[in-house]
Amino acid sequence: MTVTAFSATTTLLTKKPTGTSFLPEETIDRAKAGSPIEKIKLEKDGSAAWVDVYEYARKIREGEMSWEEVEKADLDTRLKYVGMLHRNKRTPGQFMMRLKVPNGIVNSDQMRFYASCVEKYDNGCVDITTRQNIQLRGVRLEHADVIIEGLHARNQTSFQSALDSVRNVVGSPLAGIDDQEMVDTRELCNALNDLISLDPATQTRGNPAYANLPRKFNIAISGSRDDYAHTHINDIGLVPTPHAQTGVMGFNVVLGGYMSIKRVAESVDSNMWIPADRNSVVTLCEAILRLFRDESDRKDRQKARLLWLVEKYGVAAFKEAVIQEVQSYQRGVTIEDAQPLPTTPFQRRELLGVHPQPQEGKMRVGILVPVGRLSATECRQLADLADQYSAGEIRLTVEQNVILPNVDATRIDALLQEPALTSKDSRFQVNPGFIEGNVVSCTGAEFCGLALIETKANAAAMGQELEKLVKVDRPIRIHWTGCPNSCAQVQVADIGIMGAPARKEINGKKVAVPGCKIFVGGRIGEDAHLAIDPVQEAVPLEDLIPELVKILKSEFGAVDVLVDKQN
Ligand code: SRM
Ligand code: SF4
């Protein structure tokens, strides 16, 4: 695909107002006295990157400049508004490009496009993230405009996916194919994605109204009692439940769940309920985002997440502020008190493997993608499988795996025999072991400058090793995260491994070695619980396997594989 220097799209982009122009004077004053990132955003709006990226790409391509000559604040900060994150520490000159994949639904054409974007780079690959999203790795600035145009032509975007933006809207990976479904989250996730990243004036990607937020913002919509979307660790979590009197399906609203270096907190119950229709969901989120944008802290980034604003108001007063904001929009949306959640027994269901759908004769097939990493070849294999078996559709999960929906029951055997799933080189698995099938890992030291340890390679290798050593009778979720930002949410895991300093005696001397903290007992689903404090600290990674075996035995009923074989 060729991209002219100043295409029709960029002409439209230049006409947009800035993100800062949406802020009240009082907010701008606080931003002026705010954190260094606030000052960078005021100096030149983050939204400028939507245009600048085309210019930078062209100039580098045409030899007019090199990536090193890009203004530092653009390179390391503003380009994040087009989802371009410079991996300056690990791979200088190369970027990770983060997309937005509302509800985690992609098609085979998009998957092949990702492959074509990354295959030209030696270290190029595609990651499925913990927000059922896609990140392209290895990207060079001179190719960014072509990739962006390719994404936009495929109704996807990378705009507003990083820094102070609303992150990928997470929904149910079983939306529309689930006999236990309470709400189909697809339309709602798409509507929120458009609210956030589609400019209503020009109908192009990049919505300036949300281009100068004080901090990142996460929204998750759950479609069933399984809570696959993790509502309890998102800034806005929509938890499906019917209205007790009318029976109308809707959502209780939980607010402020988040993880960070300084604080890890579960969402609070806001005592709000809204019907599960598009107008109500978009209006509620818009109201909360407006309050967040204009009123949250601009000085201390550790205190700028939504929970701090909710606490500043008090939960009841924040609810009142949201109600007033919603009423001011005059869209006929009514917020009621939270409704009782279902109480009948419920077992959270598995996503990997072959499962029936409510549609007669159709099955869903969950496939393990070890630690969410895909090569270009593997992207194409998935695309081919999707074209042959699931009408080109691929679902992503927050566990960094994929689901092929709507597979004909009569074709399941053929699918399971496909070389992409069975050859000795294949990393994909439909029925992996309970341990290796439930490993989740953040990016870690291979690409992330904040990482204290390598995560993905260790996580995958140790998952396989543990599978050989012990046997468990249910899925055990082991999450690896390279630093306290907890991008792989160690606090929700059965066992969480967080990169941390450690020392070990080598030749009579204590030396620093790669190490970790261990968290045990996080829970997800209806009975969610965050394991906030580590049970062990400063464990050298080379001593980790025996520690994990001990924990698996004492806390999760694991038995030695050998002992089990003898029995
Ligand atoms: Fe994250 C920053 C990767 C999900 C909390 N996260 C980063 C950066 C951008 C740091 C950097 O500049 O290198 C990482 C990019 C590394 C790379 O090259 O990939 C990064 N975060 C990720 C991903 C890719 C992990 C993964 O392998 O899946 C996830 C991308 C999700 C997406 O598609 O948008 C990812 N990050 C999360 C989550 C999980 C979630 O959303 O459920 C969290 C905890 C939940 C939350 O945000 O409350 C998370 N990431 C953070 C934080 C701490 C936020 C805070 O309030 O302090 C940072 C640091 C920051 O924002 O200052 C961070
Ligand atoms: Fe990087 Fe830390 Fe997030 Fe892992 S948890 S991706 S190391 S910021």
Side-chain angles (χ1 to χ4, degrees), residues 35 37 76-77 79-80 83-91 94-102 104 123 125-139 158 160-170 214-220 229-237 256-267 296-297 300-308 371-373 396-400 440-456 459 479-492 496-500 516 524 530:
S35 68
I37 289 188
D76 295 335
T77 306
L79 280 173
K80 290 180 182 173
M84 287 280 283
L85 280 77
H86 186 210
R87 303 294 74 197
N88 55 333
K89 193 163 168 190
R90 315 289 182 192
T91 54
Q94 288 187 290
F95 291 74
M96 170 270 275
M97 188 188 267
R98 180 182 287 162
L99 313 192
K100 277 181 180 283
V101 182
N123 54 359
C125 59
V126 173
D127 281 339
I128 303 171
T129 78
T130 53
R131 293 194 70 77
Q132 68 180 181
N133 193 14
I134 289 288
Q135 291 186 171
L136 309 178
R137 293 205 174 276
V139 177
S158 62
Q160 289 171 293
S161 60
L163 199 67
D164 298 341
S165 298
V166 184
R167 297 295 200 271
N168 194 42
V169 183
V170 178
R215 201 63 169 97
K216 72 187 292 192
F217 195 94
N218 290 332
I219 304 178
H230 291 177
T231 51
H232 61 298
I233 51 166
N234 276 259
D235 295 286
I236 298 178
Y258 83 109
M259 292 166 173
S260 75
I261 286 185
K262 281 276 150 65
R263 185 175 179 191
V264 172
E266 203 164 320
S267 300
S296 265
D297 202 298
D300 182 349
R301 289 179 65 78
Q302 295 298 341
K303 295 185 176 168
R305 296 293 295 266
L306 181 71
L307 185 59
W308 295 83
V371 291
R373 173 67 46 89
L396 312 177
T397 73
V398 298
E399 290 80 19
Q400 305 172 313
V440 171
S441 173
C442 83
T443 306
E446 187 183 2
F447 295 106
C448 179
L450 305 178
L452 302 172
I453 55 168
E454 163 55 34
T455 51
K456 283 199 190 275
H479 288 218
W480 282 68
T481 216
C483 81
N485 284 316
S486 207
C487 299
Q489 315 126 328
V490 290
Q491 294 86 353
V492 309
I497 313 294
M498 177 188 282
C516 66
I524 50 176
L530 297 182

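Read the numbers this way: they start at 1 and go in the same order the structure lists the ligands and their atoms.
- Residue Arg167 places no N or O, backbone or side chain, under 3.5 Å from any N or O of ligand 1.
- Here is the list of ligand 2 atoms found below 4.0 Å of a heavy atom in Cys448: 1 (Fe), 6 (S), 7 (S), 8 (S).
- Residue contacts with ligand 1 include Cys442, since one or more of its heavy atoms lies under 4.0 Å from the ligand.
- Numbered from 1 in the order shown, with element, the atoms of ligand 1 that lie under 4.0 Å from a heavy atom of Leu85 read 9 (C).
- Across Gly444 and Thr455, no two heavy atoms sit closer than the pair CA-OG1, 3.1 Å.
- Residue Gly482 approaches ligand 2 through these ligand atoms, each under 4.0 Å from one of its heavy atoms: 4 (Fe), 5 (S), 7 (S).
- Distances shorter than 4.0 angstrom occur between a heavy atom of Arg137 and an atom of ligand 1.
- The closest protein non-hydrogen atom to atom 32 (C) of ligand 1 is Thr129 OG1, 3.5 Å.
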Open item on the list: Between Ser260 and Arg305, is the side-chain contact (heavy atoms from CB on, under 4.5 Å) condition met? List the steps.
Closed with: CA-CA 10 Å; Ser260 75; Arg305 296 293 295 266; 5.6 Å; no

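- Arg137 and Thr91 are not linked by any side-chain donor-acceptor pair at a separation below 3.5 angstrom, with hydrogens and angles left out of the test.
- Of the candidates Gln489, Gln302, Gln135, Arg87, the one placing a heavy atom closest to atom 24 (C) of ligand 1 is Gln135.
- Residues Leu99 and Asn133 come closest through the heavy atom pair O-ND2, 2.7 Å.
- A side-chain contact (heavy atoms from CB on, under 4.5 Å) with Phe95 is found for exactly one of Asn88, Leu136, Leu85, Leu79, namely Leu79.
- Of the protein's heavy atoms, Cys487 SG, 2.3 Å lies nearest to atom 3 (Fe) of ligand 2.
- Distance check on atom 55 (C) of ligand 1: some protein heavy atom falls below the 4.0 Å cut-off.
- Among all heavy-atom pairs drawn from Gln491 and Val264, the shortest one is NE2-CG2, 3.4 Å.
- At least one heavy atom of Gln400 lies less than 4.0 angstrom from ligand 1.
- Here the protein heavy atom with the shortest distance to atom 40 (C) of ligand 1 is Arg131 NH1, 3.6 Å.
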- [ ] Let me see the working for His230 and Val170 under side-chain contact (heavy atoms from CB on, under 4.5 Å), right down to the final yes or no.
- [x] CA-CA 8 Å; His230 291 177; Val170 178; over 6 Å; no

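- Remark: among candidates Cys487, Ser260, Pro484, Gly444, the nearest residue to atom 57 (O) of ligand 1 is Ser260, based on non-hydrogen atoms.
- Remark: the backbone N or O of Cys487 is paired with a side-chain donor or acceptor of Thr130 at under 3.5 angstrom.
- Between the side chain of Asn168 and the backbone N or O of Val101, at least one donor-acceptor pair lies under 3.5 Å.
- For Asn218, the closest heavy-atom approach to ligand 1 falls below 4.0 Å.
- Heavy-atom proximity to Leu450, at under 4.0 Å, picks out these atoms of ligand 2: 8 (S).
- The closest approach between any non-hydrogen atom of Ser441 and ligand 1 is below 4.0 Å.
- Counting only distance, with no hydrogens or angles, the side chain of Gln160 and the backbone of Ser165 share no donor-acceptor pair below 3.5 Å.
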- [ ] Quick one: do Tyr258 and Leu306 satisfy side-chain contact (heavy atoms from CB on, under 4.5 Å)? Show the steps, please.
- [x] CA-CA 9 Å; Tyr258 83 109; Leu306 181 71; over 6 Å; no

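- For ligand 1, the atoms lying closer than 4.0 Å to a non-hydrogen atom of Met96 are 15 (C), 17 (C), 18 (O), 19 (O).
- The only option from Val492, Ile524, Asn218 that meets the side-chain contact (heavy atoms from CB on, under 4.5 Å) definition with Ile233 turns out to be Val492.
- Under a 4.0 Å criterion applied to the non-hydrogen atoms of Ala451, ligand 2 contributes the atoms 7 (S).
- Near Cys448, meaning under 4.0 Å from any of its heavy atoms, are these atoms of ligand 1: 13 (O), 16 (C).
- With Cys442, Cys483, Gly499, Ser486 as candidates, the residue nearest to atom 6 (S) of ligand 2 on a non-hydrogen basis is Cys442.
- At least one side-chain heavy atom of Met498 sits under 4.5 Å from a side-chain heavy atom of Pro484.
- The proximity of Leu450 to ligand 1, defined as any non-hydrogen pair under 4.0 Å, is limited to the side chain.
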- [ ] Quick one: do Arg301 and Asp164 satisfy salt bridge (charged side-chain N to carboxylate O under 4.0 Å, His left out)? Show the steps, please.
- [x] CA-CA 10 Å; Arg301 289 179 65 78; Asp164 298 341; 2.8 Å; yes

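- In this structure, Asn168 does not count as a contact residue of ligand 1, since none of its heavy atoms falls inside 4.0 Å of the ligand.
- Residues His86 and Lys80 are not in side-chain contact: their nearest non-hydrogen atoms beyond the backbone lie 4.5 Å or more apart.
- Neither the backbone nor the side chain of Ala488 comes within 4.0 Å of ligand 1, counting heavy atoms alone.
- Close contacts of ligand 1 with Ser486, meaning ligand atoms under 4.0 Å from a residue heavy atom, involve 43 (C), 44 (C).
- Nearest protein heavy-atom neighbour of atom 5 (S) of ligand 2: Thr481 OG1, 3.2 Å.
- Any N or O atom pair closer than 3.5 Å counts here, and Thr130 shares at least one such pair with ligand 1.
- Heavy-atom proximity to atom 34 (O) of ligand 1, evaluated over Arg215, Lys456, Arg98, is greatest for Arg98.
- By heavy-atom distance, the residue among Lys216, Arg305, Glu446 lying nearest atom 51 (C) of ligand 1 is Lys216.
- Screening Arg373, Gln135, Arg98 for a side-chain hydrogen bond (donor to acceptor under 3.5 Å, both in side chains) involving Asp127 leaves a single residue, Arg373.
- Ligand 1 is never approached by Arg301 to a heavy-atom distance shorter than 4.0 Å.
- Geometrically, Arg215 does not engage Trp308 in a cation-pi contact, judged by NZ or CZ lying under 6.0 Å from the ring centre and within 45° of the ring axis.
- The protein atom (non-hydrogen) at minimum distance from atom 53 (C) of ligand 1 is Asn485 OD1, 3.3 Å.
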